[in-house]
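Basis for what follows: all heavy atoms, side chains included, without hydrogens, waters or symmetry-related copies.
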Amino acid sequence: LTQQIAITPITEIAVQHVLSSVSANSGSSLSSLIQTANAKIASGMGLTDITLPPADPTKPAASASSAQAAQYAVVLAAISKMAASATTNSASLVTSLDMMQALATSFTYNGSFNQTVPGGSPIPVPNANGSNVNLATVLTAIGGSTDFSAAISTSTLQYLASANAS
């Protein structure tokens with residue numbers, strides 16, 4: 001049985017979550033932990049499956065292998081858009097990798113994309129300037145609240161508007 005899978009920044013979030021949860025869930029199979037993490041992260045990102053390859057972002061959406069693949073590519077682009085917006089709004093150079101690291105930290109500690117770790121400490125967003133930028137600040141600057149769903153939705157709309165304009 002051969003299956004194509006994607007290795008993306010979103011699957012890296014799943015890997016980090018599974019690695020952090022293996023010892024706490026020693027009675028669970030690794031396969032079960034992976035499937036659970038993939039499903040929770042897909043749901044949190046507004047996707048149905050994070051293991052399928054995303055569409056090629058350099059080609060028209062109509063050429064995607066499925067609507068899911070096209071949506072996956074858009075979510076990846078939206079997260080890059082979040083990083084670009086964070087850079088503009090905070091005067092700190094925030095890359096897509098920085099955003100993914102912050103989201104991985106959030107999911108690892110919370111099992112969701114909250115802006116703080118348990119206990120209320122803000123999740124830092126690494127950046128080239130070394131500035132004090134946290135996930136709540138980034139999400140608020142993008143979506144108007146600290147809700148990840150609102151921020152990803154806004155970033156998706158911004159990305160689609162800019163893609164349609166070009």
Testing Leu103, Asn114, Ile142 one by one against Phe148 for a side chain to side chain contact (heavy atoms under 4.5 Å, CB included), which residue passes? Leu103
Indicate the atoms forming the closest heavy-atom contact of Ala73 with Pro54, along with that distance. N-CB, 3.8 Å
Any heavy-atom pair between the side chains of Met99 and Val94 that's under 4.5 Å? yes
For Ser155 and Met82 the tightest heavy-atom approach is OG-CG, 2.9 Å
Identify, with sequence neighbours excluded, every residue that meets side chain to side chain contact (heavy atoms under 4.5 Å, CB included) alongside Ala136. Gln115, Asn134, Thr146
Sequence neighbours excluded, which residues qualify as side chain to side chain contact (heavy atoms under 4.5 Å, CB included) partners of Ser149? Asp147
Show me, pair by pair, the donor-acceptor contacts under 3.5 angstrom made by side chains of residues 7-18, not counting sequence neighbours?
{"residue": "Thr8", "atom": "OG1", "partner": "Ile10", "partner atom": "N", "Å": "3.1"}
{"residue": "Thr8", "atom": "OG1", "partner": "Thr11", "partner atom": "N", "Å": "3.2"}
{"residue": "Thr8", "atom": "OG1", "partner": "Tyr72", "partner atom": "OH", "Å": "2.7"}
{"residue": "Thr11", "atom": "OG1", "partner": "Thr8", "partner atom": "N", "Å": "2.8"}
{"residue": "Thr11", "atom": "OG1", "partner": "Thr8", "partner atom": "O", "Å": "2.8"}
{"residue": "Glu12", "atom": "OE2", "partner": "Gln16", "partner atom": "NE2", "Å": "2.6"}
{"residue": "His17", "atom": "ND1", "partner": "Phe107", "partner atom": "O", "Å": "3.3"}

Kindly list each side-chain donor-acceptor pair under 3.5 angstrom involving residues 116-126, sequence neighbours excluded, with atom names and distances?
none

Does any non-hydrogen side-chain atom of Leu135 lie less than 4.5 Å from one of Phe113? no
Taking all non-hydrogen atoms of both residues, which atom of Ser112 and which atom of Ser106 are closest, and how far apart? O-OG, 3.1 Å
Just do the side-chain contact (heavy atoms from CB on, under 4.5 Å) check on Leu52 and Ile5 with the steps written out, would you? CA-CA 5 Å; Leu52 66 90; Ile5 63 165; over 6 Å; no
Ser29 side, atom OG; Gln35 side, atom CD - distance, nearest 0.5 Å: 7.5 Å
d(Lys81 NZ, Leu157 CG) to nearest 0.5 Å is 11.5 Å
Gap separating the CG atom of Leu19 from the CG atom of Leu30, nearest 0.5 angstrom: 8.5 Å
Taking side-chain hydrogen bond (donor to acceptor under 3.5 Å, both in side chains) as the cut-off, I'd like each qualifying pair that reaches into residues 41-60, sequence neighbours left out, listed once. Thr48-Gln68, Asp49-Thr51, Asp56-Thr58
Could you state the interatomic distance from CD1 (Ile152) to CE (Met45), rounded to the nearest 0.5 Å? 6.0 Å
Other members of the hydrophobic cluster containing Val74, with the 4.5 Å side-chain heavy-atom rule, please. Tyr159, Leu160
